[in-house]
J.: 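Below you will find the structure I want to go over with you.
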Amino acid sequence: MTRVPMKCRVCRGPAVIDLKRHNANFCREHFVAYCEEQVRRAIHHFRMLEPGERVLVAVSGGKDSLACWDLLVRLGYAVEGFYLGLGIDTYSDDSLAAATRFADARGLTLHVVDLETTHGFTIPVAAGATHRSPCGACGLSKRHEFNRVARDLGFGVLATGHNLDDEAAVLLGNVLRWETDYLARQHPCLPAEGGFVRKIKPLYRLGEREMAAYCILEGIDYQVDECPMAAGNRHIGFKETLNDLERRSPGSKAAFLFGFLDRMAPLLAQADGPGDAEVHACAGCGEPTTGDVCAFCRLRDKARA
Ligand code: Q46
Ligand code: ZN
Ligand code: ZN
């Protein structure tokens with residue numbers, strides 16, 4: 001049996017990618033247009049940005065964050081990048097090199113902070129000193145530094161490259177344990193408040209495979225290696241489970257996440273929570289915290305002890 005070549009849904013030319021959940025194939029030009037449209041819809045639906053607004057995008061050197069930067073620039077936003085050096089051996093060096101190549105090739109500004117140089121510790125050291133998982137120490141450090149640097153540089157909004165697969169995996173983890181506090185905060189656009197800048201996830205409508213395809217088609221040379229500390233990260237298991245479901249029933253992942261955002265997130269936002277704890281400036285670093293000293297300062301002090 002001869003295989004019929006795939007045709008682009010828009011122009012009927014030869015297609016380069018099939019998107020089963022949309023039951024559609026696209027040529028290069030129309031796939032890029034599709035990605036742009038998904039980001040435009042995300043921004044519009046959740047009012048993430050004003051036209052032309054300045055945005056700081058947190059980049060890891062991987063496909064998602066670089067695609068996020070590229071797409072936001074295409075849509076006309078004034079975007080600068082921020083790379084946080086985690087001190088994870090050659091993985092961090094290669095990641096910084098990928099982010100730098102991307103920025104240099106396009107004449108874009110990349111800001112770099114290295115945890116070891118600025119704060120005197122690396123993620124592997126912090127994980128060992130605190131007996132936390134590396135990803136726990138890493139997530140905490142990223143949240144702190146992304147917010148601090150965005151504010152210090154005068155940005156009111158920080159974008160991250162979390163995609164549909166990431167968000168669906170986090171949602172599954174939160175639902176399995178009925179983490180209602182986390183569920184209430186799982187949103188593609190968290191408004192600025194109490195010393196925190198606005199946080200947005202413009203890629204939440206696009207999947208991991210789509211972002212890899214976008215980078216390849218757009219010539220974005222990203223860091224392809226996985227972080228060596230990812231083993232044991234429970235989200236990897238949730239992603240595999242969702243991928244199994246998606247194979248059996250294309251569109252499940254998007255239905256799960258978008259259904260939550262459309263129907264459950266508004267209910268959670270209205271529900272009476274435990275009440276927001278009072279936020280004030282950390283005695284150590286001045287960042288917002290509910291305690292006297294923020295979790296990042298405590299992590300740093302233990303890692304340097
Ligand atoms: S970089 Fe950091 Fe990830 Fe590596 S240590 Fe874990 S969280 S896996 S996105
Ligand atoms: Zn086409
Ligand atoms: Zn602090």
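Both counts, for ligands and for their atoms, begin at 1 and track the order of listing.
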J.: Mind listing the protein N/O/S atoms less than 2.8 Å away from atom 4 (Fe) of ligand 1? Waters don't count.
T.: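 Sorted hits: Cys227 SG.
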
J.: Using the ring of each side chain (for Trp, its six-membered ring), is Phe296 parallel, tilted or perpendicular to His144, with breaks at 30° and 60°?
T.: parallel

J.: When the ring planes of Phe31 and Tyr214 are compared, do they come out parallel, tilted or perpendicular, using 30° and 60° as the limits?
T.: tilted

J.: Are Glu37 and Arg205 ion-paired here, with the side-chain N under 4.0 Å from a carboxylate O?
T.: no

J.: Taking the six-membered ring for Trp and the single ring otherwise, decide whether the centroids of Phe46 and Tyr204 are under 6.0 Å apart.
T.: yes

J.: So how far is it from Arg151 CZ to Leu158 CG, rounded to the nearest 0.5 Å?
T.: 12.0 Å

J.: How does Glu226 reach ligand 1, by side chain, by backbone, by both or by neither, if only non-hydrogen atoms under 4.0 Å count?
T.: neither

J.: Specify the protein heavy atom at minimum distance from atom 9 (S) of ligand 1: its residue, its atom name, and the distance to 0.1 Å.
T.: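 Going atom by atom, the protein heavy atom closest to atom 9 (S) of ligand 1 ends up being Lys142 NZ, 3.4 Å.
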
J.: Is it true that Arg209 and Asp165 have a side-chain N and a carboxylate O under 4.0 angstrom from each other?
T.: no

J.: Tell me yes or no: between the side chains of Asn25 and Asp18, is some donor less than 3.5 Å from an acceptor?
T.: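 No, no side-chain donor-acceptor pair sits under 3.5 Å.
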
